Amino acid sequence: LSQFELHPQGWRRAMFWLAAAVMPAMLCVWAMREPLRTACEVRNPSLRQTFLELLHHRGVVLPLLVGGAMVGVADGAPMIWAAPVLSRSFSLAPDRIGAIMAIVLLVSGIAGPVAGGCIADVCHRFGGPRRTIHVVSLLMFISLPAGLFAVAPTVAGASVLLVVLVTIGSLIGVTFTALVTVVIPNELRGLCFGLFATAGTVFGVGLAPLTVSLLSNVTGGPAALGKALAVVCVTTSLMGAVALAGGRRHFPGSSPTASP
């Protein structure tokens, strides 16, 4: 990639070859065939029926909704503010910040889904959804120190903690998907996925960066950006962990049979 770095438009070539590498995977997806669905489903339920069904399952929906939203904040805020924090705290050049963020995305994009899938499978086999939600809440507690990456004293420490934080968030996202597929009935699954995605986007992309910015302005301006980011990451991770741990009793202790 050194030849790309020497050319002002080298980044375009790099992006082209990165996109080209995805083409074989896309062709494999086209070759896949979805199995026929045999589950019974309610066709065109009324809004009242849907609301009552959702209310009936509120014990599992609300913890997942709150926990997912908090994970979105704990991940969304760092992805937007990490680069400015690294620049202001350590006076790093843009190319070095770009390299750090690339490593964060690479590690979290590979290790997170792989570990999340394995954890979801093991928990499903040995304890069911209740074990899964317990492990997810523990992971959020474990991620609390990683949320302090913005106030780490060294570049290396901040980078490692950022990798850990975003990787755990990616891991939890995959585990959430598997958990929703198992515990949410077939007729509510699409609606719940939509609710969780909307909550994650609103909180993670909309409110998280704004909260960090407002908190920074209140506590000391641009110089307090790192502290504000650390407070938001730690607080939201703690809130998500508490919400999931508090709703654990509503999840079945053995693995129910999910509708295909």
Side-chain angles (χ1 to χ4, degrees), residues 62-92 97-98 100-105 107-109 111-112 116 133 136-176 195-247:
L62 286 179
L64 290 175
L65 184 62
V66 175
M70 295 301 100
V71 171
V73 174
D75 279 353
M79 294 309 298
I80 293 175
W81 286 111
V85 167
L86 292 174
S87 176
R88 295 177 183 180
S89 299
F90 304 106
S91 301
L92 298 180
I97 295 176
I100 293 174
M101 297 306 297
I103 293 173
V104 171
L105 293 175
V107 174
S108 63
I133 204 70
V136 171
S137 63
L138 285 179
L139 286 171
M140 295 195 73
F141 275 117
I142 293 172
S143 71
L144 291 178
L148 299 174
F149 79 93
V151 293
T154 64
V155 177
S159 301
V160 171
L161 291 176
L162 180 59
V163 169
V164 172
L165 179 65
V166 179
T167 300
I168 291 179
S170 177
L171 185 159
I172 292 175
V174 173
T175 309
F176 261 44
L195 287 175
F196 298 152
T198 301
T201 301
V202 170
F203 282 86
V205 180
L207 295 181
L210 180 61
T211 302
V212 174
S213 179
L214 293 175
L215 185 59
S216 174
N217 291 334
V218 171
T219 57
L225 181 59
K227 294 180 181 179
L229 181 55
V231 169
V232 170
C233 290
V234 172
T235 302
T236 53
S237 295
L238 180 60
M239 290 173 62
V242 171
L244 294 174

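For the single chain, residues carry numbers from 1 onward in sequence order. Remember, predicted model here, so these are calculated numbers, not experimental data.
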Quiz item: With side chains defined as the heavy atoms from C-beta onward, is the minimum distance between F176 and L244 less than 4.5 Å?
Solution: yes
Self-check item: Considering all heavy atoms, the nearest V71-G169 contact
Solution: CG1-O, 4.1 Å
Quiz item: Can you tell me how far CD1 of I100 sits from CG of L92, rounded to the nearest 0.5 angstrom?
Solution: 5.5 Å
Quiz item: S108 and L105: which non-hydrogen atoms are nearest, and at how many Å?
Solution: OG-O, 3.4 Å
Exercise. Starting at CG of L162, measure out to OG1 of T167 and round the result to the nearest 0.5 Å.
Key: 8.5 Å
Practice problem: Determine the minimum heavy-atom distance between L64 and F196, stating which atoms define it. | Solution: CB-CZ, 3.8 Å
Exercise. For residues S170 and G112, report the shortest heavy-atom separation together with the two atoms involved.
Key: OG-CA, 3.8 Å
Determine all donor-acceptor pairs shorter than 3.5 Å in which one atom belongs to a side chain in residues 227-240; sequence neighbours excluded.
residue	atom	partner	partner atom	Å
T235	OG1	V231	O	2.6
T236	OG1	V232	O	2.7
T236	OG1	C233	O	3.2
S237	OG	C233	O	2.9

Practice problem: Heavy atoms only: give me the nearest L165-A74 pair and the separation to one decimal. | Solution: CD2-O, 3.8 Å
Quiz: residues 142-156 side-chain donor-acceptor pairs under 3.5 angstrom, not counting sequence neighbours:
residue	atom	partner	partner atom	Å
S143	OG	M140	O	2.7
T154	OG1	G157	N	3.0

Return a table of donor-acceptor pairs under 3.5 angstrom between the side chains of residues 206-226 and protein atoms on other chains or two or more places apart.
residue	atom	partner	partner atom	Å
T211	OG1	L207	O	2.7
S216	OG	G221	O	2.7
N217	ND2	S213	O	3.3
T219	OG1	L215	O	2.7

